[in-house]
Amino acid sequence: MCKPHVFAGPILVAAMIAAACSGGLSVGLGQAQSAEPTLQEQSDAMMKNIEDMMGHGGMGDAKAIVHHCEAAAGYAEAILKQLPASDPRRSQALAPLTDIVHQCQRVAAIGSHADPGQLLNPASKAKAAARASVKALGLALPN
């Protein structure tokens, strides 16, 4: 009869070696840096947060409205940073992207303890600005 603890050591070592070789463990040798997300990916994530924000607004969840609006504003800022100054789309998308940030700052200033109805006006303006920015960038709206 085999004792389980006798084989646990070699099996554990073999599993750790396999995980390290497959990239499952970081052993301090440096990790591969992930590629920067594309404008379309960032736009999709921004619009997903905008839609989630509006959905939670319909349910009266002020905390979720604030959370998703802050996330959408983060994506808007990331898109602005990713667009080079020489890109002609930047001038067209600058106003709507900065409006998303501005309206989401209003949402955050009102706060999650306010009546969700108070949050819907700036949240709706952020949604309109997000759609305008996607259109100005020539990107596809997510389904």
Side-chain angles (χ1 to χ4, degrees), residues 4-143:
H5 70 281
V6 174
F7 295 106
I11 292 173
L12 182 60
V13 170
M16 289 183 68
I17 290 172
C21 290
S22 68
L25 291 177
S26 172
V27 290
L29 298 177
Q31 294 180 336
Q33 294 183 357
S34 62
E36 188 173 305
T38 65
L39 283 175
Q40 185 66 55
E41 291 169 341
Q42 289 179 340
S43 169
D44 289 348
M46 178 181 67
M47 290 305 297
K48 179 172 180 1
N49 275 289
I50 290 287
E51 294 301 326
D52 288 348
M53 173 187 70
M54 296 307 291
H56 285 288
M59 293 185 280
D61 188 354
K63 187 175 180 180
I65 295 170
V66 172
H67 167 76
H68 287 293
C69 202
E70 287 174 345
Y75 283 111
E77 290 173 337
I79 290 170
L80 276 173
K81 288 179 185 174
Q82 189 174 354
L83 281 172
S86 60
D87 192 331
R89 300 177 298 173
R90 182 181 175 85
S91 62
Q92 296 172 344
L94 183 62
L97 288 169
T98 54
D99 195 33
I100 295 168
V101 174
H102 174 72
Q103 296 301 332
C104 288
Q105 286 173 344
R106 284 184 57 204
V107 167
I110 295 169
S112 62
H113 299 293
D115 177 32
Q118 287 181 295
L119 301 173
L120 287 179
N121 183 20
S124 295
K125 289 180 180 180
K127 178 183 178 183
R131 292 181 66 84
S133 68
V134 171
K135 185 178 177 183
L137 292 169
L139 301 173
L141 284 169
N143 293 332

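Scanning all heavy atoms of the two residues, the minimum distance from S43 to V134 falls at OG-CG2, 3.2 Å. Residues P122 and L119 come closest through the heavy atom pair CD-O, 3.4 Å. For A123 against I65, the heavy-atom pair with the smallest separation is CB-CG2, 4.4 Å. Looking at every heavy atom in both residues, D99 comes nearest to A129 through OD2-CB, 3.7 Å. The two atoms that bring A114 and A62 nearest to each other are O-CB, 3.7 Å, heavy atoms only. Residues M47 and A130 come closest through the heavy atom pair SD-CB, 3.6 Å.
Taken from NE2 in H56 to NZ in K63, the straight-line distance is 12.0 Å, to the nearest 0.5 Å. Residue I100 holds its CD1 atom at 9.0 Å from SG of C69, rounded to the nearest 0.5 Å. Separating the NZ atom in K127 from the CG atom in L120 is a distance of 11.0 Å, to the nearest 0.5 Å. If you take CD on E51 and CG on L141, they are separated by 9.0 Å, rounding to the nearest 0.5 Å. Residue I110 holds its CD1 atom at 6.0 Å from CD of Q118, rounded to the nearest 0.5 Å. In this structure, the separation between CD1 on I50 and SG on C104 is 5.5 Å, given to the nearest 0.5 Å.
Between the side chain of R90 and the backbone N or O of L80 there is at least one donor-acceptor pair closer than 3.5 Å. With Q82 contributing its side chain and P37 its backbone, the two residues share a donor-acceptor pair below 3.5 Å.
The shortest distance between side-chain heavy atoms of M53 and H67 does not fall below 4.5 Å. For the pair S133 and M46, the minimum side-chain heavy-atom distance is below 4.5 Å. Side-chain atoms of M54 and S124, non-hydrogen and from C-beta on, do get closer than 4.5 Å to each other. A heavy-atom distance below 4.5 Å is not found between the side chains of L97 and E77.
With sequence neighbours left out, the side-chain hydrogen bond (donor to acceptor under 3.5 Å, both in side chains) criterion links D44 to Q40.
For the 3.5 Å distance criterion, the side chains of Q103 and R106 qualify, holding a donor opposite an acceptor.
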